[in-house]
Number of protein chains: 2
Amino acid sequence: MARRTKAEAAATREALLDAAEEVFLEKGVARTSLEQIARHADMTRGALYWHFRNKADLFQAMLQRVRMPFQELVEEIGDPSLVERPLEAIRLACLKGFERLEQPRYRRVHAILIHHCEVFGDIDPLAMQNEMADEACGALIDYFGCAARLGHLRAGLSPEVAAELTQAMLGGLFHDWLRNHERFSILERGTVLLDTQLELMGASSSE
Amino acid sequence: MARRTKAEAAATREALLDAAEEVFLEKGVARTSLEQIARHADMTRGALYWHFRNKADLFQAMLQRVRMPFQELVEEIGDPSLVERPLEAIRLACLKGFERLEQPRYRRVHAILIHHCEVFGDIDPLAMQNEMADEACGALIDYFGCAARLGHLRAGLSPEVAAELTQAMLGGLFHDWLRNHERFSILERGTVLLDTQLELMGASSSE
DNA sequence: ACTTATCCATACATTGTTGAATGTAAAAGA
DNA sequence: TCTTTTACATTCAACAATGTATGGATAAGT
């Protein structure tokens, strides 16, 4: 066939990634062949093997479109007064994360990463989940530690336990929602759960 | 080769299931062939196809060895006074669950179900996880509702939210631990997290 | 205008896996 | 003891998926 212009080539690359998301989410990563993905994008495997070296390379490119580190969420809020209210910083960052997750692309890719793929090639999704969890937990420990020094935490509650508790709760909510997002809105339920959890853990005097 | 006695046949069946657990956990379900499983049990695919119809049948048989419904955990405690202390019932049931999960067989199979398999054949692990989650959440709502009627819940905390909070926290802890169990003991961390969470949610007057 | 590199389709060789068919020797049953 | 069934091993046909090699047409560079 005919060669495409650079913009068209970039468009087909995006189309292939979109098709990969949809088919991966529907059939699982292992059970989908590269031909199925290509045909779903109205292309052939030739196009796929031109833009990506193999399935693992395609997968990594798919992930790279939805990176969402915890620190970025806090920085995007851009409220300097949050330094004095670390619990509120956690709350707003999580809410921002919830809003992102409701966008189809973020939701689909994370659902694939967590529920619809196994180890394959040189890709280990569990290692990626570990990295994400470690980074989130580290940030939470920092913020809860700051809250503890400011006296914003309930007496007897260590910042480590508070961070582990919050991270476990958020992770469980995350997994439950990604399993079937039609059941509830993660923004709504996440707001309720996070607010009550933070209120339970916050110092009863101030807050 | 030679035919085995009935006891020996049952032993090879168990050996095949054990081998399936180990290889599934190491390589993922989709990436392991039936030949790899058979060879890991010092057998051939002939033995496997005799005892199981196909991969999905083997998988289901593997799951059937570790069923662990929430209600059974409560009933196994067998303390009738728990009716008046529903929060303590939840606590003891979860601790019993943690102890079970530390047994290698339970840990491995659940790790496979949650982190190392996708949909395949007529088996949908996400549907199974949904069933498990629904059952656990239903039981939690019952117990927290009972606790609310007895005045054991903090004022302003609805039993539904308490149940969702607890289930999300337990689920997150579950997933984190199954991802790599070497990092911490689910019994130890689970005890700490569950105790603090229940204390946070319990009525401050009594308890 | 000419060349070249790009973008993609098509065809082919190779491999891995499945399921079933067949073989077989001993245990169970009579 | 004789037959039948069981519990596997071995072999084979068929397919599905991958990776690569090749071809072709045009956009881009000069």
Side-chain angles (χ1 to χ4, degrees), chain A residues 1-62 112 116-123, chain B residues 1-20 22-24 26-62 112 116-123:
Chain A
M1 287 295 189
R3 176 186 173 189
R4 314 296 175 81
T5 168
K6 275 190 284 185
E8 285 174 330
T12 62
R13 189 190 137 97
E14 297 294 308
L16 287 172
L17 288 174
D18 290 342
E21 285 185 14
E22 294 177 10
V23 186
F24 280 162
L25 186 60
E26 187 184 345
K27 318 267 275 187
V29 175
R31 302 280 291 180
T32 67
S33 66
L34 296 183
E35 170 129 10
Q36 288 174 359
I37 295 177
R39 290 180 67 85
H40 194 264
D42 289 317
M43 299 277 158
T44 66
R45 273 170 49 242
L48 224 163
Y49 273 100
W50 171 257
H51 287 283
F52 311 97
R53 277 177 303 169
N54 49 27
K55 203 184 202 177
D57 191 35
L58 168 70
F59 190 81
Q60 278 190 336
M62 186 188 75
I112 291 168
H116 294 273
C117 74
E118 310 173 0
V119 276
F120 75 101
D122 52 349
I123 295 214
Chain B
M1 286 296 188
R3 178 187 172 190
R4 314 296 174 79
T5 166
K6 275 190 283 186
E8 284 174 331
T12 62
R13 189 191 138 98
E14 297 294 309
L16 288 172
L17 289 173
D18 291 342
E22 294 177 10
V23 186
F24 279 162
E26 186 184 345
K27 318 267 276 187
V29 175
R31 302 281 292 179
T32 66
S33 65
L34 295 184
E35 170 129 9
Q36 289 173 358
I37 295 176
R39 289 181 65 87
H40 193 265
D42 289 317
M43 298 278 157
T44 67
R45 271 171 50 244
L48 226 163
Y49 273 101
W50 171 256
H51 286 284
F52 312 97
R53 277 177 303 171
N54 48 28
K55 202 183 200 177
D57 191 34
L58 168 70
F59 190 81
Q60 278 189 337
M62 186 188 74
I112 291 168
H116 295 273
C117 74
E118 310 174 359
V119 275
F120 75 100
D122 53 348
I123 295 214

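A, B, ... follow the sequence lines: proteins, then strands. Residue 1 opens every chain. Hydrogens, waters and symmetry mates play no part in the numbers below; they use all other heavy atoms, side chains included. Just so it is clear, the model here is predicted, and its values are computed rather than measured.
If you measure from atom CZ of R13(B) to atom P of dA7(D), you get 12 Å, rounded to the nearest angstrom. In this structure, L58(B) atom CG and dG19(C) atom C1' are separated by 15 Å, rounded to whole Å. Remark: C1' of dA27(D) and CD of E8(A) are 10 Å apart, rounded to the nearest angstrom. For D42(A) and dA9(C), the CG to P distance is 10 Å, given to the nearest whole Å.
Identified under the salt bridge (Lys or Arg N to Asp or Glu O under 4.0 Å) test for residues 13-25 of chain A, with sequence neighbours left out: E14(A)-R65(A), D18(A)-R65(A), D18(A)-R105(A), E21(A)-R65(A), E21(A)-R105(A), E21(A)-R108(A), E22(A)-R108(A).
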Filtered N/O pairs between nucleotides 12-18 of chain C and protein, under 3.5 Å:
| residue | atom | partner | partner atom | Å |
| --- | --- | --- | --- | --- |
| dT18(C) | OP2 | L34(B) | N | 3.2 |

Filtered N/O pairs between nucleotides 28-30 of chain D and protein, under 3.5 Å:
| residue | atom | partner | partner atom | Å |
| --- | --- | --- | --- | --- |
| dA28(D) | OP1 | T5(A) | OG1 | 3.1 |

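For dA7(D), the OP1/OP2 oxygens have a side-chain nitrogen or oxygen of W50(B) closer than 4.0 Å. Regarding contacts with the backbone of dA7(D), every side-chain N or O of H51(B) stays at 4.0 angstrom or more from both OP1 and OP2.
Interatomic distance, CG of D57(B) versus CD of Q60(B), reported as 6.5 Å (0.5 Å rounding). Taking CG of L34(B) as the start and CZ of R45(B) as the end, the distance is 7.0 Å to the nearest 0.5 Å. Atom OG of S33(B) sits about 9.0 Å away from atom NZ of K27(B), to the nearest 0.5 Å. The distance from atom NZ of K55(A) to atom CG of L48(A), rounded to the nearest 0.5 Å, is 11.0 Å. Expressed to the nearest 0.5 Å, how far CG of L25(A) lies from NE2 of H116(A) amounts to 5.0 Å. Atoms CZ and CD1, from F24(A) and I37(A) in turn, are 3.5 Å apart once rounded to the nearest 0.5 Å.
With dC8(D), dC7(C), dT10(C) as the candidates, the nucleotide lying closest to the side chain of T12(B) is dC8(D).
Taking the six-membered ring for Trp and the full ring otherwise, F120(A) and F59(A) have centroids separated by under 6.0 Å.
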